[in-house]
> 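Pasting a structure here, questions to come.
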Amino acid sequence: MADIAIRAHDVSKRFVTHTERSTSLKERLIRRKSSSHEFFALRNFSADLDSGSTVGLIGANGAGKSTLLKVLAGILRPTSGLVEVRGRIASLLELGAGFNGELTGRENVYLNASLLGLSRRETDQRFDSILHFSELEEFIDNPVKHYSSGMYVRLGFSVAVHVDPDILLVDEVLAVGDEHFARKCLEKISEFQADGRTILFVSHGLDLVERICTRAIVLNHGQTEFDGDPYFAAEALRKILGTDIPARVPDVTPDEGISFRQVTCSDVAGGHARAEFRGGAPLVIRVEAYVAEQWRKEVDQVQVVVMGVGDLPIWSMTAERGELPSDRAEWTIDFIIERCPLVQGRFVTAVGLVNAAGESIAATRTQTAFGVKSGQAAGLVKADYRVEAAPKGPAG
């Protein structure tokens, strides 16, 4: 079992806003009370972040992403719930956070580093490296109030990655930097991944989340909408924003007489679950379910559909009544594929129990995706082909 770097349990954060506040003693006596209302930026958020994982935090504006990072970093205290952190955290949460505008860049390096837990001697030892990474040698002795937003980000990110953190929290501020510095930041993040550091960052760049994250969490009005594979997290957010291709697989069971235990993918029947496969290699999808006696006569088929991003069906498989273990309640059914289709991408599995009339009795959809690589540079399916040059025609 992986070590846990951050554990959040049932975390909520409530804010109170005042719409009409008395500004004088006279107004206070006349109005008696001010008008205010409260709202939850986070509500009952729970998640365990494994050490060494890279987790993307995505959602629409106002979904609670920045608030969550501040709660995890210890900058904000949750209204309720518990946060446990194991290891040193470095955070870059908002533009200019931890900086004093009247101080120079050099002075702010020492100030910011001390806030992140470094002693002056440790900062002395790392100062040249911090300055070189930020590329602000020409401006380091200028007051930071004269810095551009991109210069703020350069200095802040450079300090954050040089305090030797176990956990790095980064907000969308990276979007402020130029392309050259963004590439440097991504290279540094890759180094952190190779070193086994834990990274949690907010981004509106869904392609970036899909490319570098091992997991993504979608927040919607302060609550977790999706937690799982980055490709499908991006699709879940597009559904919230209304920019997806509408398609939805129901996750329903009629009563306690039917429950889905788990759906796993392996290379052999009964083998350990795997997340990556090669096109043309063996793939076994195991479905485990509980089907009480009153439902066993109703179930005529178990259907499995492998779906890509956007819930696009890629292939399907069916176990007929005669192939079902109808003499017992605990069902374990293996769908054995000798040669995995030559597809490329990330896929999830939908499972349905169907009656003789073709009607769905119960259905579920996995949150964890598996990947298939088939060797092609692009595209979903690998096609066998050959190239021929057409014979030269008559001269025109």
Side-chain angles (χ1 to χ4, degrees), residues 3-8 49 51-55 57 65-78 83-137 139-141 143-145 147 149-177 181-182 184-203:
D3 293 332
I4 304 299
I6 298 178
R7 169 164 287 162
L49 305 187
S51 296
S53 61
T54 302
V55 181
L57 190 59
K65 305 182 298 296
S66 296
T67 299
L68 176 58
L69 284 190
K70 290 176 183 177
V71 168
L72 297 181
I75 296 172
L76 293 178
R77 180 176 296 178
V83 174
E84 296 178 2
V85 177
R86 299 173 186 173
R88 172 184 278 179
I89 282 186
S91 56
L92 185 59
L93 300 185
E94 59 186 27
L95 201 59
F99 284 175
N100 185 323
E102 300 299 325
L103 300 181
T104 66
R106 184 183 301 273
E107 293 166 330
N108 271 289
V109 167
Y110 283 87
L111 172 62
N112 205 285
S114 67
L115 293 175
L116 294 174
L118 288 191
S119 67
R120 185 173 185 85
R121 172 181 247 177
E122 289 173 320
T123 308
D124 286 339
Q125 295 171 344
R126 304 176 197 192
F127 182 83
D128 289 344
S129 180
I130 292 171
L131 184 58
H132 177 72
F133 188 90
S134 69
E135 301 178 358
L136 292 174
E137 291 90 343
F139 308 98
I140 196 62
D141 291 310
V144 298
K145 66 182 179 181
Y147 282 14
S149 58
M151 293 164 72
Y152 264 112
V153 168
R154 285 173 180 265
L155 195 59
F157 188 86
S158 185
V159 174
V161 298
H162 280 85
V163 301
D164 195 27
D166 301 298
I167 303 166
L168 179 65
L169 307 181
V170 186
D171 207 339
E172 182 64 20
V173 289
L174 285 181
V176 178
F181 191 72
K184 284 185 66 173
C185 293
L186 291 177
E187 291 172 356
K188 179 59 71 173
I189 287 176
S190 295
E191 290 179 21
F192 275 22
Q193 290 175 315
D195 291 341
R197 316 286 180 99
T198 305
I199 304 167
L200 176 63
F201 73 97
V202 169
S203 179

> Quick one, Val109 and Leu155 - any side-chain contact, counting heavy atoms below 4.5 Å?
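Yes; the side chains approach each other to less than 4.5 Å.
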> Of the options Asn112, Asp124, Val163, which is the one that meets Leu118 in a side-chain contact (heavy atoms from CB on, under 4.5 Å)?
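One option only clears the test, and that one is Val163.
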> Ala8 and Leu72: which non-hydrogen atoms are nearest, and at how many Å?
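The pair with the smallest heavy-atom distance is CB-CD2, 4.2 Å.
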> Checking side-chain hydrogen bond (donor to acceptor under 3.5 Å, both in side chains) between Asp164 and each of Arg88, Arg126, Arg197, which is the one that passes?
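Among Arg88, Arg126, Arg197, the one that satisfies the side-chain hydrogen bond (donor to acceptor under 3.5 Å, both in side chains) with Asp164 is Arg197.
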> Nearest heavy-atom pair of Ile140 and Phe127: which atoms, and what distance?
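Distance-wise, the nearest heavy atoms are CG1-CZ, 4.1 Å.
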> Would you say the side-chain atoms of Tyr147 pair up with the backbone N or O of Val153, donor to acceptor, closer than 3.5 Å?
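Not confirmed, Tyr147 side chain does not pair with Val153 backbone.
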> Donor-acceptor pair, distance only, cut-off 3.5 Å: does the side chain of Thr104 make one with the backbone of Pro143?
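Judged by distance alone, no pair lies under 3.5 Å.
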> Roughly how far, to the nearest 0.5 Å, is the CG atom of Leu111 from the CG atom of Leu116?
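Result: 9.5 Å between the selected atoms.
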> Heavy-atom distance under 4.5 Å between the side chains of Ile6 and Ile167, does that happen here?
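Result yes, sub-4.5 Å side-chain heavy-atom pair found.
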> Looking only at non-hydrogen atoms, find the nearest pair between Ala160 and Ser91 and report the distance.
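Shortest heavy-atom contact: CB-O, 4.5 Å.
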> Hey, is the main chain of Thr198 close enough, under 3.5 Å, to the side chain of Asp166 for a donor-acceptor pair?
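Checked: no pair found.
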> Name the residue from Leu69, Thr67, Leu68 that meets the side-chain contact (heavy atoms from CB on, under 4.5 Å) definition with Leu76.
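So, applying the side-chain contact (heavy atoms from CB on, under 4.5 Å) to Leu76 and each of Leu69, Thr67, Leu68, only Thr67 qualifies.
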> Quick one, Leu168 and Phe201 - any side-chain contact, counting heavy atoms below 4.5 Å?
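Not touching, per the 4.5 Å side-chain cut-off.
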> Of all heavy-atom pairs between Ser53 and Leu49, which one has the smallest distance, and what is that distance?
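Heavy atoms only, the tightest pair is OG-C, 4.3 Å.
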> Nearest 0.5 Å, what's the CG-CD distance between Asp128 and Glu137?
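Between atom CG of Asp128 and atom CD of Glu137 there are 9.5 Å.
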> Sequence neighbours left out, what passes salt bridge (charged side-chain N to carboxylate O under 4.0 Å, His left out) with Glu84? Give chain and number order.
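Per chain and number, Glu84 pairs via salt bridge (charged side-chain N to carboxylate O under 4.0 Å, His left out) with no residue.
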> Quick check: do Phe181 and Cys185 have side-chain heavy atoms less than 4.5 Å from each other?
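SC-SC contact between Phe181 and Cys185 confirmed.
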> Using every non-hydrogen atom in the two residues, find where Asp171 and Ser66 come nearest and quote the distance to one decimal.
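Of all heavy-atom pairs spanning Asp171 and Ser66, the closest is OD2-OG, 2.8 Å.
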> Using the ring of each side chain (for Trp, its six-membered ring), is Phe133 parallel, tilted or perpendicular to His162, with breaks at 30° and 60°?
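Rings of Phe133 and His162: perpendicular, as their planes differ by over 60°.
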> Please evaluate residues Val144 and Asn100 with respect to the criterion side chain to side chain contact (heavy atoms under 4.5 Å, CB included), reporting the C-alpha separation (whole Å), side-chain torsions for both, the decisive distance (0.1 Å), and the verdict.
CA-CA 7 Å; Val144 298; Asn100 185 323; over 6 Å; no
> Could you tell me whether the side chain of Gln193 reaches within less than 4.5 Å of the side chain of Ile199, counting heavy atoms only?
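The answer is yes; the side chains approach within 4.5 Å.
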> Which heavy atom of Ile4 sits nearest a heavy atom of Ser51, and at what distance?
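Closest pair (atom of Ile4, atom of Ser51, distance): C-OG, 3.9 Å.
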> Can Lys184 and Glu187 be counted as an ion pair, charged N to O under 4.0 angstrom?
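No, no charged N to carboxylate O under 4.0 Å.
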